[in-house]
Each structure stands twice: as C-alpha cells, then as structure tokens.
Amino acid sequence: MSQSSTEQDRKAVYKKSLNLPKTAFPMKANLVQNEPASLKRWDALSLYDTVQSARQDSDRFVFHDGPPYANGSIHLGHMLNKCLKDFVVRTRLMAGKSCRFVPGWDCHGLPIEHKVMQELSESGKLAKLSELSEDNRRMAIRRECQKYAQKYIKHQSAQMQRLLTLGDYANPYMTMDPNYEGAVLEVFAGLVAKSVVYRRLKAVHWSVDNETALADAELEYYDREDISVFVDFEADDAEKVYDAFGLKGDNRPYQRPCFMIWTTTPWTLPANLAIAVNPRFEYALVRVDGNITVLASALAEKVTKQAKSDGFETLATTTGEKLLGLRYRHPFMGAGPDFSTQPAAAMVGAEPEGIFRVVGAEYVTLEDGTGLVHTAPGHGADDNATGVREHLPIYCPVTANGAYDNSVPEWLRGKNIWKANTEIAEHLRSSGHLFHDYKFMHSYPHDWRGKTPVIFRATEQWFIGVDEPVDGGDTLRAMALEKTASGVKFVPEWGRNRMRGMLESRPDWCISRQRAWGLPIPAFYTPDGKVLLTEASVRAVAKGFREKGSDSWFTESAQSLLRHYEPKKDDHAPRGLDVKSLTKGHDIFDVWFESGSSWNAVMRERSGGRDYPIDLYLEGSDQHRGWFQLSLLPALGVTGRPPYRTLLTHGFIVDKDGHKMSKSLGNALDVDELVKEFGADVCRWWIASISYENDIKADLSYFKTAGEAYRKVRNTLRFMLSNLDDFVPSPPGKDCGSGEGMCVAFSDYPTASIDAWVLKEFDRLSQRVREAFEKYHFRAATEHLYNFCNDTLSAVYLAAVKDRLYCDKPDSARRRRTQSTLWDLTDGLCRLLAPVLPHTADEAYRALHRSEEVCVHTTTFIEKFGVKAEGGWPKVMEAREAALKALEEVRASGVIENPLDAGITLPDPDHELRDFDPCDLADLLGVSRVSLDPKADAPSVQDLRNEPRCERSWKRDTTVRVRSDGGMLSDRDAEAVGLA
RNA sequence: GGGCCUGUAGCUCAGUUGGUUAGAGCGCACCCCUGAUAAGGGUGAGGUCACCGGUUCGAAUCCAGUCAGGCCCA
C-alpha cells in the first residue's frame, strides 16, 4: 500500500467519524404539492375547532371578517386582506388568546343580478320571465342569483383556504341566510324605532321603456342627437337686479332684464324651480339682440358668437354671490305648478313659496352654457341635492311611462317628453324667450337592455336621516363624528381624519333599490296610500324571514308575512289598519345596509352580546366610506356605540410603477397562478414583509425575492434539524431546558458559553416579534425573524458551533449542550414563524419532534428561555466585527486565503474578553486560534500555515501531532476517534 | 375640482421632540469554503432624501407651492 493511499484511507475513516448533518427535512420545499397535504392533515385534526376549544376559557380577542362580494375569483387585494386577517387571528391564538374567525360573504346586489340577467338574456329566457307575475318573475331571478352566489362562495372559499388561512369555513356567514336576513331587519327595526327612517323623492336614472329605476351599471352610453336651447327667464323685480349690478338712476335700462340659462333637455323645463349660479364667478349684465340679460362674464362672448348675434355690450358686472335670492318668472308655468297633485313625498321639507329663485351651487362651471344652470330638482342628481338644500319641492311632472301629468299647462299634458322637446323650443321661440337653439350630438345614457335613452326622474326612496335627532338626542352624524374623534382607534392614525371628512359631507343614506336580488324593505301599503312600517311590523317580518327566508316576501301574501304582527298592540300602526287589505312594497335594501348590519347578525346575536363591540375590523382603505362607515351608522343608531374598537386599514395593490392594477391594463397578477408558482407560504411571507398601510407595489419579481428569503429561513431550520439527528429531547410536554433526555438544564449553561448567548438572543427576538405582532407590525416581525435566521444564527452562531457539532465526540458535554440549544431554538422559531408560514413551520415542527401527530398550531409562543448570559457578549461581537475586517485585509493582500490558516490576537485593554473560552472565540471568528493582548489596540492576524493542521478538523491547533495511526490530529479529534 | 394619503440607494423599507459622516435587508461587485452544496461565509461599492421656495444657527424631518401616483367623492 502506498503512502498516499493510506492517507486516503485515513481521510475516509476520519470523515466517517464526523457527525455530519443528516435530516429527512428536504431543502426543496415543494410547497405546491405539500401545502395541500398540510390542509388535509389539519382538516383531519379539525384544527380550527381544536384550537378554539382549547382556548375557550382564555382572554378573548374579538375579530370580525368583512364580507367580500360573492362574485368572480379572488384577486391580489383579497389575498392581501385575508392573509393579514389570518396573521391577526393566528398571532392571537399563538399568544394564548381565544380568537375566532368566521368568514363571510356579501351575497345580494346588482353585480350578481346584472350578470344573471345577462345570462338569462343570452339564453333567451328573459322574454319568458316577462310573462310571469311580478312576484314570480322576481322569484325566478332570485333563484338564479342564489345559485350564482353559492357557486362563487364555494370557489372563493377554496381559494382562501388554499392560502392557508385558518377559519370556520364549515360555518361561514352569508348575507342571504334567513337568520342573517332576520338580524338585518332587527337592526332596521331599531332604526325605525329611533325615527331616523323616512321616505322622500330622489332623482334616479329611469328607463321609460321598462318603467323601472336603473343603476349605474345598467347604463350604456351611445351618441344621440338632441336639441339644446338658450332660454331667457325674465326677472321678477328689475330694480333688484339692477341693484345687484350696482346700476343707479339713469344708468338703468328701461327694459326688464333676464337670466339666460342653457339646457340640453328642454323637456325638463316645466319642472324648473330654480336657477343656480356659482357665487364665486363674475356675472355680466349685457345687451344683446335688443335684450338685457345676465350670464357669466367669461362666457358672454362665446354664447353670443354661437348664436351669431351682432355682438354684445356689457353694462355692468357683479359676483354670483350678489345674484342669490333674486326672483324670476317661468316662461310658461305661470305662478308655478300645481303641487297639490304631487305625491306627499315631493313636499317633505319643502317651502314651495321659495321657487323661481336664483340659488348658489359649486358645481356650476364655465365649460358650457351660460354659467346659470336650469335647476329641476325632480330631474337631476345635482338639481336634486340643490333642491333638498334649498327646501324646494322635488317636483316631477313626468309619469313612469315618460308622459307629462296634469300639473303642467294643458298643451303639454299627456305628451311624451321626447316629442315635447321640440314643441317646448317652438313655444319659447314664439313667446320670445328663446335666445338660440341648435341640434347637436352627445353621449347619452341608455337602458342596457332596451337600448333606449333613459331620463332622470324623481321616485320615492327610503332614507336613513343622518341629521335627524336619534330619540330626541344627538343626530347620527353628530354621534358618528364624536365617536370617530375619540371612541375608536385608527391604524394608521390618519384614518380618523379621512372618516371625519366623509362623515361631515355625507348626505342622508338612500337605502332603497328597485331590484329583485336583495333583502326586501318590509313596507306595506294601505289602499289609500298609507305606509305600514313600524318597529313592531318590521320585527314581525324579521321573525318570518328567519323561518322561511326573504324569498317568502315574493311567495306569500302581506297577511301571511305579517302573521307575527299584532296591530292592536302597535301604537304606531296606521289607524283602522286592515292587514288583509295591505299590499307589499317592491323596494329592496342597499346591500351596504346588509353588510353594515353584520356586527349584529354575526357577532352580537350569535354571542348573546358577549362579542360586542368587536376588537378589530381590518379592511382596505376604501372601506372608510364603505363598510366602516355604514356599519358605524346603524350600530350607533341601535346600540349607541361603535361596533368596533379598532379600525385597521391596508392600501391598494398597484403595479411596480405605482399605477393601479387592472385586468384591462394587463398588469394584474393572478392569485391562483402565484400560489401555483410560489406556494402560499412564500406569498404569505411577501405579504408579511410589506408595509401595508399605503399603496402596495406588486410584481412577479417581488415574489421571487420573497422566495429567496423563505429559502434562507427554511435552510436555517433545516441545518438545525440536520444536527439533531442523534439527539433525544425531553419527553413530550417537558421543556427541553428541564434537563431530561439529552437536554441540558438551563441552569447548567455557563454564562460565557456561546449557547447561553444565543438563547438570550432568542429571548430578545421573541420579545420583539411578539410585540410587533401585537401591534400589527408584521413587517417588523418578519424582518426580525429573517435577521435572526440570517445573521444571529446562520452567520454567527451556527457557523461557530459547526466545529463542535461535527468533530466533538457525539456525546461530549459541549456538543450535547449545543444540540440542546439547537432543539430549543428550532422549537421556539417554529412557533414564532407559525402565523406567517403555517405550512413550513408545521413541517419543521413535526420534523423536530419526529412525529406526524404533533402540530405547531396547537402550541403557543415561547416567551423566553431565561438563560443567563455573560455581560461582556456585546464586546465579543464588536471584537468579532473588527477581527473579520482585519482578516479580510490580510486576505485581500493575498497572504492568507482560508481563515483556518490564520490566528488572531484581539486587543483586550480592559480584560473584558478573558472570561470567554479562547476556543469559542476562535470558532466565532472562524479562525484556528485566538489570543488576547491587553496592550494591543487593534486585532492582528497571524499566519499559521507553517503549523501542523489537524487532518480531521482542519484546524491548526497547538495540540496537533502525529498519532498512532500515523495521522495528524488535535487532542480533541484524537479522543473523538478513540486514539491516544 | 374636493377630502385623505404617498414620494429616502437599482428594489423593499427604517429614520423618535428639527442636531455629528442619512441606516437595514435584497440585488450587485470582488473574495473564501466545498463537511448546510440547486447550500454556507467574508468584504465592498451604491443616496442632490421627487422638485421649488420659505422658517431656522441648523431641515429627509416644520410651512407654502409644483409635479407624479393611490383611495374616496364630485
């Protein structure tokens, strides 16, 4: 045998004698295959129920899930939202608290109904439906909508579970559940009892063709030719107009001045009740074509040119402010419409003597027209708002089929409005009120089904008044503002301002819709037009809905729906009420009223009041106006307190350039594809590592980065596991630190040992991570966790203890102590990681325990190990930094390449390092030897290449010498292989 | 057009009540290890703090405006 082959043999023997890492925990995560297996395992464990019952007597953290709309697939925003919620729930559970998560879905509403109607239309079934009675037609649509919602709830639920979110998916809440519906009506009854619910006219898009109100989503815009008119409205009191313009005595013309308005819908002129000006604009009194008229200064030239007039002369100017309150005469409505023929709701809050007046409005612009806006509160959204504010009647002389009623002059009565357009123009021309008219093309809303032009028409709607005193006390607006100012915690804090701004400017809440797919507003009508809607009647219907669902509204008679109602006991019932004669209303609730009542339906009722108010609502920042506000208002009305203690919001996902993400822009990422490519744990890590308060940029490359970070964490766990292959921990249920099995009792750790140091570092980590979780700072938590794995463990501790793990005798006290430490670190780390990486943390936890029976999610965080460490450790780490820099300099000069060829002398002027084991220090620096020099002021590097090298540990130790087998070994290595 | 918010290395973010040379991580560059190996370690280079004024002895930080972007309204 040659010399070299003996050397080869010896090398092989030595290598075999090492305790090299070994583990079944794979480096490659294979999340896409293994995560579904985790889901199955947790399912078999009934994990959600198991954890809930284990925590049932613990401190409660009450969380409430806001319902997404049951339509389509979940998008990145849902993923973000659901994962953040899951972090909250899991961190509370791991902190030992009780925290339930009942996922919910918003089921009713137009988007689904619209989709279903489209499908019915395409399949030709729509025509058949129109032959049915109104109730039967609606029921047929509702059945389809329900199927549709159920389908997408199932789909979205599966997607959410695939994200590894932990919740009661077996028992979600759905706004179309009979019990939920009943609970919403209970909230409504509470508001009715407080007298904040009322009914008045509101201008809505109206299809003349189908005689129905339309939502924005049901409009399609097409070009259409219309007549547009400039009309002079004569001033009622000429002197006051001239006063407003500051014209005195002889400067005043002898003519009556006019106000010139412009409109593209002459048919709405009969409903004109006011002229709006912008108080901030300058208005001119001009002479044009022999008339004296008022219009915005900036538009005088444009208008007169358009009319091909000979020019104009400006007599005076003034501000819009000065014009307010001036009166005018309607060109053909005489003293005004006959309001007695109008529905009572038209006159709610109205002061009809205030009509034909100049009023102010900020929406008046200088883009088109004259700067004076024809205002018909019954025929426009802006006009409507102005009308309500100015106490004008909401006057609408147009009936459902698009013809005028009898409140207009005889020549218009019964006429179709589209035909009236030209007739009105001609009438104005012959009476001398028409300044100019022309035909033009413009984009105009049409009924999506009939493709016919729609109109704005005032219809009766239900409202919740935010300025009505609740029980004679504060208004809802005042209560909401007060609670926003001090009764609710906002994360981030600026949510408070945002909410306040919205509350200050919000109008009354219109809660009625004229659709089929929703919760009926339980109003009944007497033959003479009186309404039955009282607290008792609503509660009676609520009871009925809980029994048979809201479908019963369409299948049962009024009498049957009111089977739980006793009119005699209801002081608020209309006099002489005969239930048999009642008819049902056709309105349904705004879906926001349903979701805005979830605090009652899901939390308050189900818990018998215990889970109210709720600790946390967590949604996107758009919900300040949506769910947050529309939950606050009903809750304040009914319970007098906000439904939540804390509101946490997250921003919106945008692309990497900061622009909004949308399918049509082609920059959207797909959740299913992301999960398929990266796995849920990686996606969750990404979410946990972003700052969610503002816009969130998302890009495929960010998920790759998250994947890298995930791999780092995974490899750290894997390396620790791989060094525990021969380690027997304490029996289950016992702390590793108890000293049983191969474990070392915490009290036996030398304070100067590197193990004591790392366990103390873990305590610091645990403290910081748990605090960050508590404050919803998931980003900070993952950053700490990552840095701990990357820096404290991988670069420092694990690098340092490799030598003893590999080369010490397997059962050396030093090695066992380090293994004991590794076991605790892995255990503690798995638990801290569990809320963010539920699959991986559990996988590692099972590998640690070598058992498929255990589950990290049934455990709680380890707060601290409490091992004491030497006070000088920070100094050691400082010395390490300095030494590594010195080493790098020597390396760069090409002298020493491998750190094990080097020794280092550390300066120790204050003797702070002498209590530490020189071997530990050498391991920490990755060099062969460390010595201390009280007189040195900087670390110095020694070249040890001339000293013998241990063939087994590769260290150049002073004890290295030839052993009986002919090999060069240090004392430690010789002992490990059984040589003297 | 209005309300709320954002703008700091190539990227994602820290940056306390204004106060030394603006910090991390990723990425990048160079090097080491080959006994964590589709791994691991070391060192280093990157910034006119969006722009323009102002307050101040001193501004990333406070104020006004501009630009860009987001959410919600109109």
Side-chain angles (χ1 to χ4, degrees), chain A residues 11 14-23 25-28 77 278 361-363 365 367 381-382 385 490 492-507 620-626 629 649-661 686 689-691 693-699 701-702 704-706 708-709 711-712 714-723 777 779-780 782-784 786-787 790-791 793-796 798-800 802-803 805-807 880-881 883-892 894 896-902 925-926 952-954:
Chain A
K11 252 189 185 169
Y14 290 162
K15 179 151 181 171
K16 228 181 153 183
S17 74
L18 293 172
N19 320 300
L20 289 183
K22 188 180 159 198
T23 178
F25 187 85
M27 188 179 274
K28 192 165 169 10
N278 192 320
E362 285 296 316
Y363 56 78
T365 69
E367 273 166 40
D382 283 340
F490 286 82
E493 176 59 33
W494 51 254
R496 194 184 304 281
N497 280 341
R498 189 167 185 184
M499 185 84 135
R500 192 190 57 218
M502 288 171 173
L503 284 167
E504 279 168 352
S505 66
R506 75 148 302 131
S621 60
D622 57 335
Q623 299 304 335
H624 283 113
R625 175 160 284 268
Q629 192 190 137
T649 55
H650 55 78
F652 275 69
I653 307 250
V654 295
D655 71 11
K656 67 178 182 358
D657 300 317
H659 293 100
K660 81 162 97 210
M661 224 174 229
W686 174 71
S689 61
I690 55 178
S691 40
E693 297 89 343
N694 296 116
D695 299 344
I696 297 139
K697 290 186 185 176
D699 187 69
S701 62
Y702 301 173
K704 286 181 186 150
T705 306
E708 297 287 320
R711 287 227 305 273
K712 181 80 208 187
R714 182 179 180 88
N715 267 327
T716 306
L717 290 170
R718 176 173 183 265
F719 185 65
M720 294 199 288
L721 290 169
S722 70
N723 281 294
H777 296 171
R779 180 188 160 76
T782 46
E783 201 172 306
H784 290 139
Y786 179 83
N787 287 340
N790 196 21
D791 204 42
L793 292 181
S794 196
V796 181
L798 296 176
K802 259 189 209 180
D803 173 78
L805 287 168
Y806 295 176
C807 304
R880 178 179 177 271
E881 293 272 308
L884 287 174
K885 283 202 168 73
L887 200 58
E888 184 66 20
E889 274 171 39
V890 175
R891 245 200 288 195
I896 298 171
E897 290 186 326
N898 188 334
L900 282 178
D901 291 337
L925 270 51
R952 186 165 174 272
S953 69
W954 304 334

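Proteins get letters first, then strands, A, B, ... in listed order; numbering begins at 1 in each.
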Rounded to the nearest Å, what distance is computed from the [atom1] atom of residue [X] to the [atom2] atom of nucleotide [N]?
X	N	atom1	atom2	value
A:Leu887	B:rU43	CG	P	10 Å
A:Asp803	B:rC33	CG	P	17 Å
A:Trp686	B:rC13	CH2	C1'	14 Å
A:Asp901	B:rG42	CG	C1'	15 Å
A:Glu889	B:rG44	CD	C1'	12 Å
A:Asp699	B:rG27	CG	P	16 Å
A:Arg500	B:rC5	CZ	C1'	14 Å
A:Lys22	B:rU37	NZ	P	14 Å

Taking the [atom1] atom in each of [N] and [M], what is the distance between them to the nearest angstrom?
N	M	atom1	value
B:rG3	B:rC63	P	16 Å
B:rA50	B:rU6	C1'	11 Å
B:rA9	B:rA45	C1'	11 Å
B:rU21	B:rG58	C1'	16 Å
B:rG70	B:rA24	P	33 Å
B:rG15	B:rU61	C1'	9 Å
B:rC26	B:rG41	P	10 Å

Legend entry - With sequence neighbours excluded, residues passing ring pair (Phe, Tyr, Trp, His ring centres under 6.0 Å) with A:His624: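 A:His624: ring pair (Phe, Tyr, Trp, His ring centres under 6.0 Å) contacts with A:Phe628.
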Legend entry - Residues forming a salt bridge (Lys or Arg N to Asp or Glu O under 4.0 Å) with A:Arg496, sequence neighbours excluded: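 With neighbours one apart ignored, the set is A:Glu493.
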Inset, instruction - Identify, with sequence neighbours excluded, every residue that meets salt bridge (Lys or Arg N to Asp or Glu O under 4.0 Å) alongside A:Glu708. - result: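 Partners of A:Glu708 under the salt bridge (Lys or Arg N to Asp or Glu O under 4.0 Å) test: A:Arg711.
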Inset, instruction - Applying side-chain hydrogen bond (donor to acceptor under 3.5 Å, both in side chains), name anything that partners A:Arg500, two or more places apart in sequence or on another chain. - result: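 For A:Arg500, the residues satisfying side-chain hydrogen bond (donor to acceptor under 3.5 Å, both in side chains) (neighbours in sequence not counted) are A:Asn497.
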Legend entry - A:Ser621: side-chain hydrogen bond (donor to acceptor under 3.5 Å, both in side chains) partners, not counting sequence neighbours: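 Per chain and number, A:Ser621 pairs via side-chain hydrogen bond (donor to acceptor under 3.5 Å, both in side chains) with no residue.
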Using a cut-off of 4.0 Å on non-hydrogen atoms, how would the nucleic acid contact of [X] be classed: base, sugar-phosphate, or nothing?
X	value
A:Lys15	base
A:Ala795	sugar-phosphate
A:Asn694	sugar-phosphate
A:Arg952	base
A:Arg718	sugar-phosphate

Give the minimum heavy-atom separation between [X] and [Y], together with the two atoms involved.
X	Y	answer
A:Ala706	A:Trp686	CB-CB, 3.8 Å
A:Ile896	A:Asp901	CG2-CB, 3.8 Å
A:Ser505	A:Arg625	OG-NH2, 4.1 Å
A:Thr649	A:Gly620	CG2-O, 4.1 Å

Inset, instruction - Using a 4.0 Å heavy-atom cut-off, write out nucleotides 68-74 of chain B from 5' to 3' as B (base contacted by protein), S (sugar-phosphate only) or - (no contact). - result: -BSBSSS
Just to verify, what does [X] make a side chain to side chain contact (heavy atoms under 4.5 Å, CB included) with, not counting sequence neighbours?
X	value
A:Thr365	A:Glu367
A:Ser689	A:Trp685, A:Thr782
A:Pro21	A:Phe719, A:Ser722, A:Asn723, A:Tyr806
A:Pro507	none

Anything under 3.5 Å between a protein N or O and an N or O of nucleotides 21-26 of chain B, put it in a table, one pair a line.
unit_1	atom_1	unit_2	atom_2	d
B:rC26	OP1	A:Asn790	ND2	3.3

Inset, instruction - May I ask you to verify if any side-chain N or O of A:Lys802 is less than 4.0 angstrom from the OP1 or OP2 atom of B:rA36? - result: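 A:Lys802 to B:rA36 OP1/OP2: side-chain N or O found under 4.0 Å.
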Legend entry - Given RNA chain B, 5'-ward residue of the pair A:Gly501 and A:Trp954, judged by closest heavy atom: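 Taking each residue's closest nucleotide, the earlier one in sequence belongs to A:Gly501.
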Inset, instruction - Return the 5'-most residue of the pair A:Leu18, A:Glu693 with respect to RNA chain B, ranking by each residue's nearest nucleotide. - result: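 The residue whose closest nucleotide sits nearer the 5' end is A:Glu693.
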Legend entry - N/O donor-acceptor pair, side chain A:Ser794 with base B:rA36, under 3.5 angstrom: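 Answer yes: a donor N or O sits under 3.5 Å from an acceptor.
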Legend entry - Syn or anti conformation of B:rG46, syn meaning chi within 90° of 0: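 For B:rG46, whose glycosidic angle is within 90° of 0, the conformation is syn.
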Inset, instruction - Among the candidates B:rG41, B:rG35, B:rA36, find the nucleotide nearest to the side-chain atoms of A:Lys712. - result: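 Given the options B:rG41, B:rG35, B:rA36, the side chain of A:Lys712 is closest to B:rG41.
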Give each protein N/O atom lying under 3.5 Å from an N/O atom of nucleotides 28-32 of chain B, with the pair distance.
unit_1	atom_1	unit_2	atom_2	d
B:rC32	O4'	A:Arg891	NH1	3.3
B:rC32	O2'	A:Glu897	O	3.4

